[in-house]
Amino acid sequence: MSRSAIMRSIRLGGAAPVPAAGEAPPPIVPREGALEQYGNTTTYNLEPVLVQNIKRSLFWERRAQFIADVNELIDVIYDEVSDVEPWMSGNARGPSTAFNLLYRLGQLQPDPREIRQMLDHKDSPYIRAVGFLYLRYVCDPRKLWNWYHKYLRDSEEFDPSPQGQGCTVTMGDFVRDIMLDQFYFETIFPRVPKPVHDDIVEKLKEMDLPAAAKGNAGQGGPDRRGVGEGGGRPASVKASLSVAFGQRAPNRAGAREQGRGMGAELQVGKSSGREERPRDRSRDEQREQRRDDYKRRSRSRSRERYDRDRRRDDRDDRRRDDRDHRRSRSRSRDRYDRRRDDRGYDERRGRDDRDYDRRRDDRDRDYRRRSRSRDRRDDRRRDDRRRSRSRDGQRSGSRDARDVFRERAAPARVDGDRIKDAYL
């Protein structure tokens, strides 16, 4: 039978049929645009033993794991959920329907629009409560205030616990309590860092709202399972669970069961055939003492974790500053080396230019010196030739050929008077 047929049968009031043999649940694949899940993306920050019991529960095997989308899950919450405690009432026989569906919601990976649809839903306060619980488990603690603050004065009333086992609270009280408290009935929320918690407290004071958690989802009062005042240490998970399904836990023999069809002998007003032994006051005092010791250790561990985180952050900051300083020094050295290289190059080029000028000047001086030497040598040669010709002429008594040529080349003298007489 298909899942749609199952849902139609449920809406018509019939029991949910068992899926066909071999039918596999829808695969879990990452969704684009889904709200980022903070912390463990396998358990969604639920306690591991709670997750193990969810996967072994009948409701999970027959119903919850086959829910295909958020809208279908909202329909199931509307039909099935009547409280938002983590365990079924009384002796914690198994995980509640609300937490089965809360775990499935983590697998479906809703996007912010779908989460807002759940928070603003008008049909059932339990749809809204499951949405707020989902954010408390998987949202980054630094972003919780952005999601929660507009609902802190919400006046819609509902019962977080099964009918007759708690009291009515407003949705604003519920949201404020799960935001401030680390414990939720008999389970535990992811820890909110101390600086974030202090910031939330200051903002609540500015809004003139209570800044201390009451416990038990805002109901306060003693825990109905007999572990002390609300907001105190939750019972250990092993103590809260049955040793096996349908069997009473050894240390919870006196707990009353107001179960959901878990056996006629366990209903209110029925006797199980055994008398309850009166409580031992000394044991109660020891339990109170152990709870107080646990609170002190828990606060001490919280402070130690905060101090350790702060020291680690300081150490990381110092390392980052040292790394930046080393990088800055390295860059400064590189710039200095480049400038030094540039200066060296300029100096070398200046020296080369001066050497070139000096060599050129030397070449010019050598050329001028050689030129003057050649001129002097030529002058000496001409003087030597002139003196040689002069000596030769004096020795031979002959005329110089050049003198003869000059005489022959002299212009003839013209007698103008004789020419005139000849023509007149």
Side-chain angles (χ1 to χ4, degrees), residues 30-41 43-47 69-71 73-74 77-78 81 84-86 98-99 101-158 160 169-185 187-219 231:
R31 282 188 62 189
E32 293 185 3
L35 177 73
E36 181 180 2
Q37 293 176 337
Y38 180 83
N40 191 318
T41 56
T43 64
Y44 312 108
N45 301 317
L46 274 70
E47 287 185 295
D69 55 45
V70 175
N71 289 326
L73 184 135
I74 290 175
I77 295 175
Y78 180 81
V81 175
V84 286
E85 290 195 15
F99 269 68
L101 297 173
L102 177 63
Y103 181 72
R104 182 58 182 169
L105 183 61
Q107 293 181 338
L108 294 176
Q109 305 164 50
D111 59 33
R113 180 189 60 81
E114 292 169 330
I115 296 173
R116 188 69 67 185
Q117 176 187 356
M118 295 184 68
L119 302 186
D120 296 332
H121 212 283
K122 302 299 183 183
D123 293 342
S124 170
Y126 297 104
I127 297 172
R128 305 181 66 195
V130 172
F132 287 121
L133 286 172
Y134 177 76
L135 287 173
R136 182 62 178 85
Y137 273 107
V138 305
C139 181
D140 186 338
R142 293 168 294 185
K143 300 178 181 178
L144 276 178
W145 179 263
N146 296 333
W147 280 100
Y148 281 172
H149 76 276
K150 65 176 290 188
Y151 302 99
L152 294 174
R153 299 185 187 275
D154 195 303
S155 59
E156 183 178 12
E157 296 183 345
F158 77 111
V169 299
T170 65
M171 191 62 69
D173 291 340
F174 174 79
V175 172
R176 186 174 65 254
D177 203 75
I178 65 175
M179 180 170 56
L180 291 172
D181 204 354
Q182 188 178 354
F183 304 126
Y184 184 72
F185 294 102
T187 188
I188 191 168
F189 283 134
R191 188 179 68 88
V192 175
K194 185 65 164 56
V196 177
H197 183 273
D198 293 343
D199 185 55
I200 290 173
V201 169
E202 290 299 323
K203 290 177 179 177
L204 288 172
K205 291 179 179 179
E206 291 174 2
M207 295 178 66
D208 197 22
L209 290 172
K214 291 183 179 180
N216 292 335
Q219 299 174 105

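Since the structure is predicted, the reported quantities are computational estimates derived from the model, not experimental observations.
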Atom [atom1] of [X] and atom [atom2] of [Y]: how far apart are they, to the nearest 0.5 Å?
X      : Y      : atom1 : atom2 : result
Asn45  : Ile188 : CG    : CD1   : 11.5 Å
Asp181 : His197 : CG    : NE2   : 8.0 Å
Tyr184 : Glu47  : OH    : CD    : 13.5 Å
Lys203 : Glu206 : NZ    : CD    : 8.5 Å
Leu108 : Tyr103 : CG    : OH    : 11.5 Å
Leu119 : Ile127 : CG    : CD1   : 11.5 Å

Check: Phe189 ring centre within less than 6.0 Å of Phe183 ring centre: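 So the answer is no for these two rings.
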Check: [Y] main-chain N/O paired with [X] side-chain donor or acceptor under 3.5 Å:
X      : Y      : result
Asp177 : Gly215 : yes
Gln109 : Arg31  : yes
Asn216 : Gln219 : no
Glu202 : Asp199 : no
Arg176 : Ala211 : no

Looking only at heavy atoms, which two atoms of [X] and [Y] are closest? And how far apart?
X      : Y      : result
Tyr38  : Cys139 : CB-C, 3.8 Å
Pro112 : Gly33  : CD-O, 3.4 Å
Pro160 : Phe185 : CB-CZ, 4.5 Å
Pro141 : Val196 : O-CG1, 3.6 Å

Please test Met118 against Leu105 for side chain to side chain contact (heavy atoms under 4.5 Å, CB included), starting from the C-alpha separation and ending with a verdict. CA-CA 11 Å; Met118 295 184 68; Leu105 183 61; 4.0 Å; yes
Full working for side chain to side chain contact (heavy atoms under 4.5 Å, CB included) between Met171 and Phe132: CA-CA 10 Å; Met171 191 62 69; Phe132 287 121; 3.8 Å; yes
Using the rule side-chain contact (heavy atoms from CB on, under 4.5 Å), only one of Val138, Leu133, Leu73, Val84 pairs with Leu102; which is it?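 One option only clears the test, and that one is Leu133.
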Any salt bridge between Asp154 and Arg128, counting N to O under 4.0 Å?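 The answer is yes: the pair qualifies as a salt bridge.
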A side-chain contact here means heavy atoms from C-beta on lying under 4.5 Å apart; do [X] and [Y] qualify?
X      : Y      : answer
Tyr137 : Pro190 : yes
Gln117 : Val70  : no
Glu114 : Ile74  : no

Determine which pairs satisfy side chain to side chain donor-acceptor pair (under 3.5 Å) with at least one residue from residues 141-150, sequence neighbours left out, and list them in order.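 Counting only pairs at least two positions apart or across chains, the side chain to side chain donor-acceptor pair (under 3.5 Å) contacts touching residues 141-150 are Asp140-Arg142.
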CD of Glu156: more than 12 outside heavy atoms within 6.0 angstrom?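 Yes, enclosed.
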Could you go step by step and tell me if Gln37 and Tyr134 meet the side-chain hydrogen bond (donor to acceptor under 3.5 Å, both in side chains) rule? CA-CA 10 Å; Gln37 293 176 337; Tyr134 177 76; 3.0 Å; yes
Before giving the answer on side-chain hydrogen bond (donor to acceptor under 3.5 Å, both in side chains), spell out for Asp120 and Tyr151 the whole-Å C-alpha distance, their side-chain angles and the decisive distance to 0.1 Å. CA-CA 10 Å; Asp120 296 332; Tyr151 302 99; 2.6 Å; yes
Under the side chain to side chain contact (heavy atoms under 4.5 Å, CB included) rule, what do Ile200 and Leu180 come out as? Steps first, then yes or no, please. CA-CA 8 Å; Ile200 290 173; Leu180 291 172; 4.1 Å; yes
Side chain to side chain contact (heavy atoms under 4.5 Å, CB included) evaluation trace for Leu35 with Leu135: CA-CA 10 Å; Leu35 177 73; Leu135 287 173; 3.8 Å; yes
